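Below, chain A is the first sequence line, B the second, and so on; all start at residue 1. These numbers come from a predicted model, not from an experiment.
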Amino acid sequence: MIITPPPMGILQVALDVPIDSLFDYLDGGFDVAVGQRVVVPFGRRRQIGIVVGKSAVSEVPSAKLKAIETAFVDEPPLDSDTFALLRFCADYYQYPLGQALLASLPGRLRQTEPAVSRKQYAFRLSPEGLAAEIEQLPRRKLIQRKLYAALREHGVLHESALPEISSGWRGAMQGLQESGWVEADEVLAGLSASVSAAVPPPPLNEDQTAALQRMQASEGFKAWLLHGITGSGKTEVYMQWLQLMLADNDGQALVLVPEINLTPQLEARFRSRLPHLPMVALHSNLGEAERLQNWRLAQSGIARIVVGTRLSVFTPLPRLRLVIVDEEHDGSYKQQDSMRYHARDVAMVRAQRAKVPIVLGSATPSLETWHNAQTGKYGLLTLQNRAVAKSQLPRIGCIDTNRVELQDGLSPALIEALRQRLQRKEQSLLFINRRGYSPVLLCNACHWIASCTRCSSRLVVHLRQSRLRCHHCGHEQKIVRQCPSCGNADLHPTGHGTQRLEETLARLFPTARIQRVDRDSTRRKEALADILQAVHADEIDILVGTQMLAKGHDFPNLTLVGVVDTDSALFSPDFRAAERLFAQLMQVSGRAGRADKPGEVLIQTSFPEHNLFNALRKHDYVAYADSQLQERQLAQFPPYAFLALLRAEANQYSLVQDFLNDALVLARQLSEHVLTYDPVRPQMEKLKGMERAYLLMQGESRLQIQQLLRQLVPQLRAHPLASKLRWTVDVDPLEF
DNA sequence: AGCACGCCGACT
DNA sequence: GTCGGCGTGCTC
């Protein structure tokens, strides 16, 4: 008797390979759903894949077809909303779907092994336990009584909350379970909840109340810009909105934060105020196991709030009700390799698809966002006042470096201001955007300059280590004592970096306690936290650092911020440099005088009358943004135009040139709407030994750009030179 | 991306 | 004679 095997279906599988196509496999008898993880044979190796479609037939000759090896049918498949979002992004950012899909998953789900989470439990009272009373428990079983009381109050308690009650909770809980009062449910691990009572919300000021009311009054998708200076209480608005939106339902919220170590702080604040809303964090500091757990808690709907960086914009959230993007102007939302998405823009698309509101918060919104708020596309919510009573805005002044003689890079006025702060036992902060001792090593005889051989950059002098370093590629060498060009032994470190400024300050103020904060001084894992701690403990008088210090922390006793060198950003060929500088200086100003002590900001510049500083002195973001927008409109730059960049690099510049020239011809043929400029070399013409150039495409709409790229990119992939050099497409590029 | 195949130079 | 350089091409 002949047994006919059951007919096999065809699965379209997306794989983590840089090929923009799907692969067909026989389902192997597995009952697989779309979105499921599968393991497939691929050439000589095994690959993890995601099923993106099913069908009865395949275009691929049946001799070529292989069957899947395994399907993880026990795991919940990727839901269709998240899947559709990733498909949209893969399309929009010109990136292979399989790579986009797989990159969005926690690392453990990219392996060909089944991913198991550690079992954890949530506890609740049994009917018997509910019927009982605490007095039935012996007095001396103190921990059991505490646990019982907590369970009565909270209903269900996750085990992560229990150490708060007692370190000996395990034994006591066991006792309660044995007596039949408590039942345990197995849950996914990783959720932290709290048994502490919610910290009561502070009263809101008028602006905050108005913002909340307007947000509450809208329904479905609606984008808001929450514009408020540092200290105006944006976080409070977020928290009360979360409470309003999530308290009496089972909805979920996505909260995006920039890629800095501020996530734990925000998390702690949220947790103390919203202890009843289970929250998970998703950021790069998590271990693999924890990341998987938290992701699954979001996917299963157990976690109600997800606080995370860029990548978490792709986290499956079946009951998404609202999205918050904090510090929306922050550049770290833009992925700068692989799929070059902008998490803020993706969040906007996500909110739109999910028909939920989204709030973008910032003191210095990106001009794109500001423009959208001006044209009415986004609702504008303004927080005018600082929420903390009595605190006032710092006085901002410029020091004209043309008119004074600098002493090792410092003006007399700034030195005097520092001296005053030391006398008053107040703290100061000096910003300088260069680490190292000096940015240039110069031969005074022949004007030779120490340069990197692999990059078009100067080598930075690090005097303490007696090294010359390239800050772009990591190349390092001993400091040369003699000019390699003319033999002169008189080489001068020229210009100032953090190390040199630290040295100068130590000489000017021998008794002051000075601390440098840059990538070099915070290499150790806990170093930055230790320094910030010391600042709070008043163990430091003067901080010298790079923009690392601009974000986040409040220093109540800090009353002076000095900005030493900014002028290079004023005349950068990157049209966004000024926007970034303004945001940075606004943020820096927020560091000064947050308590009841008035703060002062002093900026050393050769262009004190520059319109950027005029606006900054008045704390007038609006005026600056509007003037910048006018310039952008005249120049037809974003947000009045849309850009895409084709970057290419190779050891040989001629390769890059040939490729981009061909691409240019193609692009001009393919679109009469999109303006494609001749290839341009970036500031850093050579980086890590690679010669670089790019092609800029400019269109009136996203659609025009998309239509061009949809045709151009496949043709570029087929170009004979395409495999001989490295090239990428950057849609809506932020930096050039 | 991997991993094969493939066709030319200096080595035990 | 063969070890190995990385160019070319394919993976359902």
Side-chain angles (χ1 to χ4, degrees), chain A residues 5-73 77-78 83 86-87 89-90 93-113 311 335-341 646-652 654-656 658-659 662 688-691 713-730:
Chain A
M8 278 197 199
I10 303 291
L11 303 175
Q12 279 115 260
V13 179
L15 300 174
D16 188 8
V17 287
I19 307 163
D20 196 18
S21 65
L22 300 171
F23 294 86
D24 288 356
Y25 284 88
L26 300 167
D27 66 19
F30 288 94
D31 184 18
V32 196
V34 169
Q36 208 96 52
R37 282 191 326 130
V38 291
V39 178
V40 298
F42 187 69
R44 282 292 156 115
R45 57 216 156 103
R46 303 161 75 233
Q47 284 270 113
I48 194 80
I50 295 196
V51 177
V52 304
K54 298 168 78 166
S55 79
V57 287
S58 172
E59 312 252 291
V60 180
S62 58
K64 250 181 156 186
L65 282 177
K66 295 178 185 173
I68 63 166
E69 192 183 298
T70 323
F72 296 116
V73 287
L78 196 66
F83 179 74
L86 282 156
R87 191 197 282 276
C89 289
Y93 292 107
Q94 296 296 326
Y95 201 68
L97 176 62
Q99 291 196 290
L101 281 168
L102 271 304
S104 80
L105 299 180
R108 289 268 166 99
L109 296 182
R110 263 175 285 162
Q111 285 165 5
T112 52
E113 307 310 312
L311 182 60
Q335 172 90 23
Q336 292 293 18
D337 52 42
S338 27
M339 184 166 78
R340 305 175 85 101
Y341 63 95
L646 173 64
R647 297 174 209 273
E649 57 179 44
N651 325 330
Q652 294 263 208
S654 60
L655 270 176
V656 175
D658 293 347
F659 180 70
D662 288 357
K688 298 177 187 176
M690 299 292 250
E691 301 287 349
V713 173
Q715 294 202 36
L716 291 177
R717 287 207 183 99
H719 191 281
L721 287 177
S723 58
K724 292 186 173 22
L725 44 68
R726 293 215 294 245
W727 60 278
T728 56
V729 175
D730 191 347

Separation of atom CD1 in A:Ile68 from atom C1' in C:dC12, rounded to whole Å = 13 Å
Geometric class of the A:Trp727/A:Phe659 ring pair [parallel <30°, tilted 30-60°, perpendicular >60°] = tilted
request  = Answer yes or no: is there a side-chain heavy-atom contact under 4.5 Å between A:Val40 and A:Ile48?
outcome  = no
ask   = Expressed in angstrom and rounded to an integer, what is the separation of A:Leu65 atom CG from C:dC10 atom P?
value = 18 Å
request  = Please state how far atom CG in A:Leu102 lies from atom C1' in B:dA1, giving the value in whole angstrom units.
outcome  = 13 Å
message = From CG of A:Leu721 over to P of C:dT8, roughly how many Å is that when rounded to an integer?
response = 11 Å
ask   = Once you round it to whole Å, what is the distance between P of C:dT11 and CG of A:Asp24?
value = 13 Å
Contact check, side chains of A:Met339 and A:Gln99, non-hydrogen atoms, under 4.5 Å = no
query = Which part of the nucleic acid, if any, lies within reach of A:Phe42 when heavy atoms closer than 4.0 Å are counted: base, sugar-phosphate only, or nothing?
reply = base
note = Separation between CG (A:Asp16) and CG (A:Leu97), nearest 0.5 Å, reads 11.0 Å
query = Between atom CG in A:Leu97 and atom C1' in C:dC12, what is the gap in whole Å?
reply = 16 Å
request  = Could you check how far CG of A:Leu15 sits from C1' of B:dC3, rounded to whole Å?
outcome  = 15 Å
message = So if I take every side-chain heavy atom of A:Ile19 and compare against B:dA4, B:dA1, C:dC12, which nucleotide ends up nearest?
response = B:dA1
key: Separation of B:dA1 C1' from A:Arg44 CZ (nearest whole Å)   = 17 Å
key: C:dT8 phosphate, OP1 or OP2, under 4.0 Å from A:Lys724 side-chain N/O   = yes
message = For a quick check of understanding: with a heavy-atom distance under 4.0 Å over all strands, which category does A:Pro41 fall into, base, sugar-phosphate or nothing?
response = sugar-phosphate
